[in-house]
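Please read the structure below before turning to the comments.
The structure displayed is predicted, hence computed values, not measured ones. A note on names: the letters A, B, ... follow the listed sequences, proteins ahead of strands, and every chain is numbered from 1. All values below come from the heavy atoms of this structure, side chains included, with hydrogens, waters and symmetry mates left out.
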Number of protein chains: 2
Amino acid sequence: MGRWEPDAVGRLREAAMELYLERGFEQTTVAEIASRAGLTARTFFRYFADKREVLFGGSTALQDDMVAAVVAAPDDATPLAAVELALDAAAEMLGGRRDYSRQRHAVISANGELQERELIKMAMLSIAMADALRGRGVPTAEASLAAETGVAVFRVGWERWITEPKNRKLETIFGETFDQLRTMTS
Amino acid sequence: MGRWEPDAVGRLREAAMELYLERGFEQTTVAEIASRAGLTARTFFRYFADKREVLFGGSTALQDDMVAAVVAAPDDATPLAAVELALDAAAEMLGGRRDYSRQRHAVISANGELQERELIKMAMLSIAMADALRGRGVPTAEASLAAETGVAVFRVGWERWITEPKNRKLETIFGETFDQLRTMTS
């Protein structure tokens, strides 16, 4: 094992994002990321399985937090109310990282394979939330509909958050998007 | 060019689906599909670019019909009403093919790569419907939300349609799913 490197993960993530934006994800190597961060490739692989994981390593934690929020929702919460609590949990996790989220979005938008990975991540999130709702006794079709609707609000709200000129709270924008959905369907 | 083969497309599609279900998509070759259909590989390639296109060849027509329905919606239709008309158009195209849809679903569910392709198809459908809504003067975020919500209803309704024991009309189930969404958000 090499010596301990202060904030190696943060430095590697920052270096990777710079390089992905400068020359594209496909054209960037792990060696270059490590070098830019002043670290070795071996250190990189201590924290990330590959250069894609720099972008998607947080997905599991995000999904876990959102599922935990569905599970912990009050007994009398409707399926959609439970999903709204999951989005609040997501906002708490992502809300302080708007610059990073914008950069990440730019990198992913420029690469077909990464776009597919992002779609899969959202589909898995929907399945996981539907499972958690079924665990609360919600019938299958209703659970899927609430989860899919929640993911629709997540996508649209998240994109609004990163593209608006002003940096508003993600939680506020999720709330507005849910309100817009209610108006739209009423 | 070979001689004309009566209903070559239908025979190839049926043969492909049989083989995909029997031995899996990955393990099936174009030569085997053609042979099972009593045709040549050359004939196969006259109609399909590859063995995946047997499953996804209809995607463009489906998307075109759904977008056309959004474009042709009455001027006073709300964004979600226009999306509902798009789902009616989808129901008209897919409604008579429940057995085929069930088989196709079984094949796709068994293969990660095909699942990804299906996710991408739905994402492209959402983008295309949002574009069509923007063409009607709907603001971007509202257009995306209506399109994403429509795709959520499509997914859930379509899965309900193919998994229910009874063969009910797809259009009816889409309508019920929209009603369920309205109840859920009210």
Side-chain angles (χ1 to χ4, degrees), chain A residues 77-84 108-109 112-127 129-130 133 138-164 168 173-174 176-186, chain B residues 77-84 108-109 112-127 129-130 133 138-164 168 173-174 176-186:
Chain A
T78 64
L80 206 62
V83 167
E84 288 196 56
I108 289 175
S109 299
E113 189 211 324
L114 297 176
Q115 284 176 26
E116 295 184 11
R117 184 57 38 199
E118 185 77 348
L119 286 175
I120 292 159
K121 180 186 114 178
M122 298 309 282
M124 284 172 58
L125 179 62
S126 176
I127 290 167
M129 286 202 294
L133 287 169
V138 178
T140 300
E142 196 181 347
S144 297
L145 185 60
E148 287 279 344
T149 304
V151 168
V153 169
F154 184 107
R155 278 186 215 267
V156 173
W158 187 84
E159 188 144 340
R160 199 182 298 185
W161 178 58
I162 58 164
T163 51
E164 281 185 354
R168 296 196 300 140
I173 296 176
F174 280 154
E176 282 176 7
T177 309
F178 268 113
D179 286 344
Q180 192 165 25
L181 178 69
R182 281 187 197 96
T183 307
M184 194 176 270
T185 53
S186 65
Chain B
T78 64
L80 206 63
V83 167
E84 287 196 58
I108 288 174
S109 300
E113 188 212 323
L114 297 176
Q115 284 175 27
E116 295 183 11
R117 184 58 37 197
E118 185 78 348
L119 285 175
I120 292 158
K121 179 185 115 179
M122 298 309 283
M124 284 172 58
L125 179 62
S126 176
I127 291 166
M129 286 203 294
L133 287 169
V138 178
T140 299
E142 196 182 346
S144 297
L145 185 60
E148 286 280 346
T149 304
V151 168
V153 169
F154 185 108
R155 277 186 215 267
V156 173
W158 187 85
E159 187 143 340
R160 197 182 300 183
W161 178 57
I162 59 163
T163 51
E164 281 186 354
R168 295 196 301 141
I173 296 175
F174 280 154
E176 283 175 9
T177 310
F178 268 113
D179 286 344
Q180 193 165 24
L181 178 70
R182 282 188 195 96
T183 306
M184 194 175 269
T185 52
S186 66

Most heavy-atom pairs under 4.5 Å with chain A, out of Arg160(B), Gln180(B), Glu159(B), belong to Gln180(B)

Answer yes or no: is there a side-chain heavy-atom contact under 4.5 Å between Arg117(B) and Ile120(B)?
yes

Gln115(A) versus chain B, the contacting section by heavy-atom distance below 4.5 Å
neither

Taking all atoms of both residues into account, what is the closest heavy-atom pair of Ala147(B) and Ala130(B), and its distance?
CB-N, 3.6 Å

Atom group of Ser144(A) that falls short of 4.5 Å from chain B, counting heavy atoms
both

Looking at CD of Glu142(B) and OG1 of Thr177(A), how far apart are the two atoms once the value is rounded to the nearest 0.5 Å?
11.5 Å

Taking side chain as C-beta onward, heavy atoms only, is Arg182(A) less than 4.5 Å from Asp179(A)?
yes

Applying a strict 4.5 Å limit to non-hydrogen atoms, the region of Ala146(A) in contact with chain B is both

Does any non-hydrogen side-chain atom of Glu164(A) lie less than 4.5 Å from one of Ile173(A)?
yes

Flag the pair Val156(B) / Thr149(A) as yes when at least one side-chain heavy-atom distance between them is below 4.5 Å, and no otherwise.
no

Which region of Thr78(A), side chain (C-beta onward) or backbone (N, CA, C, O), has a non-hydrogen atom less than 4.5 Å from a non-hydrogen atom of chain B, or is it both or neither?
neither

By a 4.5 Å heavy-atom criterion (distance strictly below it), what part of Ser126(A) contacts chain B: side chain, backbone, both, or neither?
neither

Best-contacting candidate, Leu119(A), Leu145(A), Thr140(A), against chain B by heavy atom pairs under 4.5 angstrom
Leu145(A)

